[in-house]
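Scroll down for the structure; my scribbles are underneath it.
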Protein chains: 2
Amino acid sequence: MLNEVFPLTDDNRIIPNPQNMTELEQYIQSYFGVVDTEDLKTIVSLFTSTTIKKGEYLLKTGKRCDKLSFVQSGFLRIFAATEEKEVTQWISTKGYFTIDLSSFVFDTPSRWSIQALVDTELYSITKEDYKKIGDVVPKWRELEKLFLVRCFTILEDRIFSHLSMTAEERYNLFFAYNRELLNQVPLQYIASMLGMTPETFSRIRKKQLA
Amino acid sequence: MLNEVFPLTDDNRIIPNPQNMTELEQYIQSYFGVVDTEDLKTIVSLFTSTTIKKGEYLLKTGKRCDKLSFVQSGFLRIFAATEEKEVTQWISTKGYFTIDLSSFVFDTPSRWSIQALVDTELYSITKEDYKKIGDVVPKWRELEKLFLVRCFTILEDRIFSHLSMTAEERYNLFFAYNRELLNQVPLQYIASMLGMTPETFSRIRKKQLA
DNA sequence: CTAATTTCTTGATTTTTGTCAAGAGCGAAA
DNA sequence: TTTCGCTCTTGACAAAAATCAAGAAATTAG
């Protein structure tokens with residue numbers, strides 16, 4: 001059983017790579033496509049594991065976003081404050097990569113704050129180390145671009161949902177794909193990310209349960 | 001005056017590059033950052049000029065998007081049809097690059113239709129030729145990524161506007177930056193891309209003019 | 001230039017969503 | 001356990017936005 005946790009190389013060196021990192025490998029595979037197994041291990045070795053407690057911030061608006069984080073477990077809320085209220089942009093669950101992309105890439109002050117909604121396990125990579133991936137895995141720059149395009153497309157879809165759907169339709173679409181979130185994070189945040197008030201959310205929810 | 005139209009190199013070769021292409025060069029510079037002048041000419045030479053008549057389609061939903069187009073003059077409406085109505089996702093004006101990105105990159109059926117709202121001059125590049133840019137200009141892949149990130153950020157902002165603003169606020173924000181569109185394209189399309197009905201748009205407009 | 005078509009405006013009305021306020025439910029902490 | 005704070009729900013009402021319908025204005029086609 002041991003080598004499931006600490007797999008051995010040909011010459012019996014222990015790879016300093018906890019077993020649960022395998023999940024990160026799997027997600028990288030699924031998001032970025034086929035990468036050589038050795039490369040994958042190199043990439044994953046650049047990530048470091050951290051835990052962030054409920055309520056704590058991974059990033060605050062105005063600070064630089066200097067790392068990319070992968071959610072191993074827990075929930076992160078990405079939001080920004082306006083004069084009147086906080087607006088939740090997204091909630092990251094297991095398997096999501098979370099970042100203020102613009103801040104990370106351009107070294108500008110971040111627009112988003114990122115807060116843990118429960119104790120959350122992360123694997124994070126610094127900007128510096130992230131750059132190394134491109135050197136080690138030449139293919140990476142292309143895979144990264146494809147990943148970006150997929151993210152872009154998701155945002156396009158989300159805009160389309162606001163141009164063409166009612167609050168109730170957005171609710172139904174969201175829960176068709178994110179059923180599990182409903183009982184695990186404060187509903188007010190989901191309401192906000194769907195572009196409605198908590199009261200409207202509550203009423204739609206009641207209607208859908210009936 | 002001639003060399004404004006056909007600028008001469010040191011050795012008096014005429015660069016086969018119509019004067020108005022310079023504008024495309026300028027936009028590439030401004031979007032993608034500093035590229036060597038020779039490279040820029042190479043890139044621009046891969047584009048071909050076309051004109052598309054009012055009402056004609058550059059792309060239809062379901063077809064492959066096999067080229068990237070730059071708007072030299074005119075207006076393009078990017079939209080998709082739902083059961084009830086057509087939803088305008090964006091209107092491209094002079095200086096915009098227009099594409100169904102997902103279709104172009106992944107060779108999937110395009111989600112958007114693109115139609116000319118007036119006779120429109122375009123510079124287009126095929127997917128095949130676009131790939132060559134990366135070979136000629138090694139830096140291109142990085143510049144392209146930065147451009148993508150900027151586009152991504154714009155979409156994030158747009159989502160935020162739907163999560164946090166009223167129709168009237170979106171109207172005002174839009175016209176702070178796109179005053180010129182108001183008298184040049186059917187207002188119903190602008191209404192749609194801002195996520196409101198033509199009637200609501202008309203009323204807000206009246207209110208703002210008063 | 002005129003007729004036809006499309007687009008835009010306006011009013012009346014309905015529907016959707018937001019606001020305000022009160023109370024219920026629930027979990028965390030003393 | 002009991003209290004405190006936070007979240008969610010509910011009702012009454014207000015505001016925002018959509019719908020429907022008619023007509024005016026603008027544009028296009030003949």
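Letters go in sequence order (proteins before strands), and every chain restarts at 1.
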query = Near DNA chain D, under 4.0 Å by heavy atom, which residues of residues 83-91 of chain A?
reply =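 Output list: empty, so none.
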ask   = What nucleotide among dT17(C), dT7(C), dT19(C) has an atom nearest to a side-chain atom of P186(B)?
value =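 The answer is dT7(C).
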Q188(B) side chain, from C-beta outward: closest of dT9(D), dT7(D), dT7(C) =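 Nearest to the side chain of Q188(B) among the choices is dT7(C).
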Rounding to a whole Å, what distance do you find between [X]:[atom1] and [N]:[atom2]?
X	N	atom1	atom2	value
R170(B)	dA17(D)	CZ	C1'	10 Å
M196(A)	dC8(D)	CE	P	14 Å
K207(A)	dG11(D)	NZ	P	15 Å
E168(B)	dA16(D)	CD	P	8 Å
R77(A)	dC6(D)	CZ	P	14 Å
L194(A)	dG18(C)	CG	C1'	16 Å
H162(B)	dT17(C)	NE2	P	15 Å
M165(A)	dT16(C)	CE	C1'	15 Å

Return yes if some donor-acceptor pair links the side-chain N/O of [X] with the main-chain N/O of [Y] below 3.5 Å, else return no.
X	Y	answer
D119(B)	K53(B)	no
S69(B)	S124(B)	no
T88(B)	F79(B)	no

key: Nearest-nucleotide 5' precedence on DNA chain D, K54(B) against I204(B)   =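 Going by which nucleotide is closer to the 5' end, it is I204(B).
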key: Angle of first-five versus last-five pair axes in the helix from dC1(C)-dG30(D) to dA30(C)-dT1(D), to 10 degrees   =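 For the helix from dC1(C)-dG30(D) to dA30(C)-dT1(D), the axes at either end differ by 50°.
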task = State whether the distance check finds a donor on one side and an acceptor on the other, under 3.5 Å, for side chain E199(B) versus base dC8(C).
result =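 There is none.
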Looking at [atom1] of [X] and [atom2] of [Y], how far apart are the two atoms once the value is rounded to the nearest 0.5 Å?
X	Y	atom1	atom2	result
Q208(A)	N172(A)	CD	CG	4.0 Å
F160(A)	T82(B)	CZ	OG1	6.0 Å
I78(A)	S110(A)	CD1	OG	11.5 Å
S103(A)	K63(A)	OG	NZ	11.5 Å

ask   = Looking at R203(B), does any N or O in its side chain come under 4.0 Å of the phosphate oxygens OP1/OP2 on dA17(D)?
value =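 No, no such contact exists.
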key: Short side-chain N/O contact to dT10(D) OP1/OP2 from K206(A), under 4.0 Å   =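 Yes, within the criterion.
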request  = With DNA chain C as reference, determine whether Y189(B) or T200(B) sits nearer its 5' end, using the nearest nucleotide of each.
outcome  =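 Nearer the 5' end of the strand: Y189(B).
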Short N-O contact, R77(A) and E86(A), less than 4.0 angstrom =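 So R77(A) pairs with E86(A) through a salt bridge.
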message = Under the ring pair (Phe, Tyr, Trp, His ring centres under 6.0 Å) test against F147(A), which residue among Y27(A), Y31(A), F152(A) passes?
response =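 Only one of Y27(A), Y31(A), F152(A) forms a ring pair (Phe, Tyr, Trp, His ring centres under 6.0 Å) with F147(A), namely Y31(A).
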request  = Test F70(B) against every option in F47(B), Y130(B), F97(B) by the ring pair (Phe, Tyr, Trp, His ring centres under 6.0 Å) rule and name the one that passes.
outcome  =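 One option only clears the test, and that one is F97(B).
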